[in-house]
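Below: the structure, in structure tokens.
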Protein chains: 2
Amino acid sequence: MDEQKKETMTATLEGRRSFLKIVGGAAAATGIAATGLSPEKASAQADPTAPAWPWTCAELDPNMAAEMGYTAYSQGGCCYGAFKGLVGQLAETQGYPFTLIPLDMMRYGAGGVVSWGSLCGTLNGAAAAINLVLPSSTANPLIDELMAWYSTTALPIYVPDGKETTTTSVSNSPLCHASVSKWCEASNLGVTSNERKERCARLVADVASKAAELINAQIQNAFVPENGPAAVIATCNTCHGSTGQNNVLSKMDCNSCHEPEDHPLPISGWQGM
Amino acid sequence: MDEQKKETMTATLEGRRSFLKIVGGAAAATGIAATGLSPEKASAQADPTAPAWPWTCAELDPNMAAEMGYTAYSQGGCCYGAFKGLVGQLAETQGYPFTLIPLDMMRYGAGGVVSWGSLCGTLNGAAAAINLVLPSSTANPLIDELMAWYSTTALPIYVPDGKETTTTSVSNSPLCHASVSKWCEASNLGVTSNERKERCARLVADVASKAAELINAQIQNAFVPENGPAAVIATCNTCHGSTGQNNVLSKMDCNSCHEPEDHPLPISGWQGM
């Protein structure tokens, strides 16, 4: 940006901020209703603020997270569903400030971001919710645990009332494509089948419920990590880590994408897909 | 959840909602300031609401997105940075309601979600911002474009004032690990180097700026997609798509993970990494 443009923009922003300050001051002095606007408009006029991050919350109900998340899958996809099972739950049970976040913002995460098959949307939505209510110092270990648990656990676990169990599979990966394809292989059913969609809806329930349990454990100062990244990563990092070639930054199971046949050396512990 | 627990929870929620309705009604009737609280507390007490999603915005400044995003990388990582370059910019230039979203919620996306190397955080943060201001019907094509552009463009493009250009690389993937490792290979520099961190900070600028351009194009009804998923996907989908084995749902370049040596048949167009 050239200097003139920068100056104009700075002046505009400062002007806007002063204006808002004046409006806010007037509202404080006269009472917001004195603006003559409807409560909604008065509220907007006064620029209501959200509390400082992270937003404190009481313990969540893991069962409610599962049920809300499962139902929400059919409304807005996996990422939206997991986020709604947590933040939507808080909006219902605790109200403000959780009512301020538009849950629909998270629709993009469906199918590993608009069906690209990258990060599983349940993990994306749940991780955002965890980081909304906890600072990174405590959120990150919980998200690590959630990612590792997801990658190594036979899912789905959740069975909706009155329905049968379904085929389970272990993804070995936090990625949507790997997770879905592993389940297709195990179940012999297609990605476009209703059974696969039902499987993903149940994963929303599992991940939202697990995230609720992790948040609760943190609130109780009782969180103990039980799952870690795959052991093979340490083997690979003897060459690829920071003391070696220093060319990989990942906690995903190396075997979930890389095949041993492609590697110049036979490496102990590296088993391929 | 058993029936009794469900009933108790429903009763509690209904009680809370009635209470909030009463509080809201009282505030509307008497004016919020009549509660005798400070404006901030009065605002919280009255449960200020956010507008309906999606949140309308005016056009963004792509240069401001780049500069804010670049600077924010060192404060909260790549995902936070891209989100701040867009939503943080709107909070500065347009104020409410964009001031309501805690930008820090997006810190979790750093390094492909707390350094797992999955989805590149710049894409995650930018996609959330796009879906905050646009419904999925128009947001999804923009996110498709952003993901495809990122995967096929030599990045970083952005050069901060007074600094030198750096090595560029094409990721062939929206994943952090693939993107970073490709750059390490091209630059012969390590993932833990300051140069790699500088490269990722510049990617934040590139992705935030590109997302701002895409949102602007959509506001002008002038969006035309220029990038698509890799051509090899159509080849692979002749067997793996919905009319074949129906076991893959992905728009990522198949060659970015799968090696031709592992495939039972030689496939035209499949080149491996």
Side-chain angles (χ1 to χ4, degrees), chain A residues 1 13 20 27-28 31-33 39 43-44 46-50 53 63 92-93 95-96 99-102 104-105 107-108 111 113-119 127-128 131-132 136 139-140 143-144 147 174-175 177 180-181 184-185 190-192 242 246-252 257 259 261-262, chain B residues 1 13 20 27-28 31-34 39 43-44 47-50 53 63 67 92-93 95-96 99-100 102 104-105 107-108 111 113-119 127-128 131-132 136 139-140 143-144 147 174-175 177 180-181 184-185 190-192 242 246-252 257 259 261-262:
Chain A
M1 198 184 301
L13 286 176
L20 289 174
I32 288 168
S43 178
D47 257 11
T49 54
W53 171 84
N63 290 328
E92 279 209 28
T93 57
Y96 173 91
T99 45
L100 300 178
I101 303 262
D104 301 276
M105 177 179 76
R107 287 174 179 263
Y108 76 95
V113 180
V114 299
S115 299
W116 272 67
S118 68
L119 174 64
N131 210 180
L132 174 64
S136 299
N140 290 7
I143 297 168
D144 264 333
M147 299 275 279
L175 302 182
H177 157 43
V180 166
S181 289
C184 290
E185 188 184 349
V191 292
T192 56
S242 58
N246 196 16
N247 61 352
V248 174
L249 183 66
S250 173
K251 298 178 198 168
M252 296 188 288
C257 288
E259 303 288 340
E261 293 84 6
D262 309 318
Chain B
M1 198 182 305
L13 286 175
L20 289 173
I32 287 168
S43 179
D47 257 9
T49 55
W53 171 85
N63 290 328
E67 288 170 19
E92 279 210 26
T93 58
Y96 173 91
T99 44
L100 299 179
D104 300 277
M105 178 180 74
R107 288 173 179 261
Y108 76 95
V113 180
V114 299
S115 299
W116 271 67
S118 69
L119 174 64
N131 210 179
L132 174 63
S136 299
N140 290 7
I143 297 168
D144 264 333
M147 299 275 279
L175 302 182
H177 157 43
V180 165
S181 289
C184 289
E185 187 185 349
V191 293
T192 55
S242 58
N246 195 18
N247 60 352
V248 175
L249 183 66
S250 172
K251 300 179 196 167
M252 298 189 287
C257 288
E259 304 287 340
E261 293 85 5
D262 310 316

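Chain naming here is simple, since letters A, B, ... match the order of the sequence lines and numbering starts at 1 in each. Everything quoted here is computed from the prediction, not taken from an experiment.
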Exercise for review: Kindly indicate whether the side chain of Thr49(B), heavy atoms from C-beta on, has any atom under 4.5 Å from the side chain of Tyr96(A).
Suggested key: no
Exercise for review: Report yes if the side chains of His177(B) and Cys257(A) come closer than 4.5 Å at any heavy-atom pair, otherwise no.
Suggested key: no
Review point. Which atoms form the tightest heavy-atom contact between Met147(B) and Ser118(A), and what is the distance?
Key: CE-OG, 4.3 Å
**Study point:** Minimum-distance pair of heavy atoms, taken over all atoms of Tyr108(B) and Ala127(A)
**Key:** CD1-CB, 3.4 Å
Check your understanding: How far does SG of Cys184(A) sit from CG of Asn247(B), to the nearest 0.5 angstrom?
Key -> 6.0 Å
Review point. Looking at Ala128(A), Gly111(A), Ser181(A), which has the largest count of heavy-atom pairs under 4.5 Å with chain B?
Key: Ala128(A)
Review point. Looking at Leu249(A), Asp104(A), Leu132(A), Thr192(A), which has the largest count of heavy-atom pairs under 4.5 Å with chain B?
Key: Asp104(A)
Check your understanding: With respect to chain A, which residue among Ser242(B), Pro102(B), Ala50(B), Pro174(B) yields the maximal number of heavy-atom pairs within a distance under 4.5 Å?
Key -> Pro102(B)
Practice item. Please flag which part of Leu175(A) lies under 4.5 Å from any non-hydrogen atom of chain B: side chain, backbone, both or neither. Key: side chain
Review point. side-chain contact (heavy atoms from CB on, under 4.5 Å) with Ser136(A): which residues, sequence neighbours excluded?
Key: Trp53(A), Asn131(A), Asn140(A), Arg107(B)
Check your understanding: Is it the backbone or the side chain of Ala139(B) that comes under 4.5 Å from a heavy atom of chain A, or both, or neither?
Key -> neither
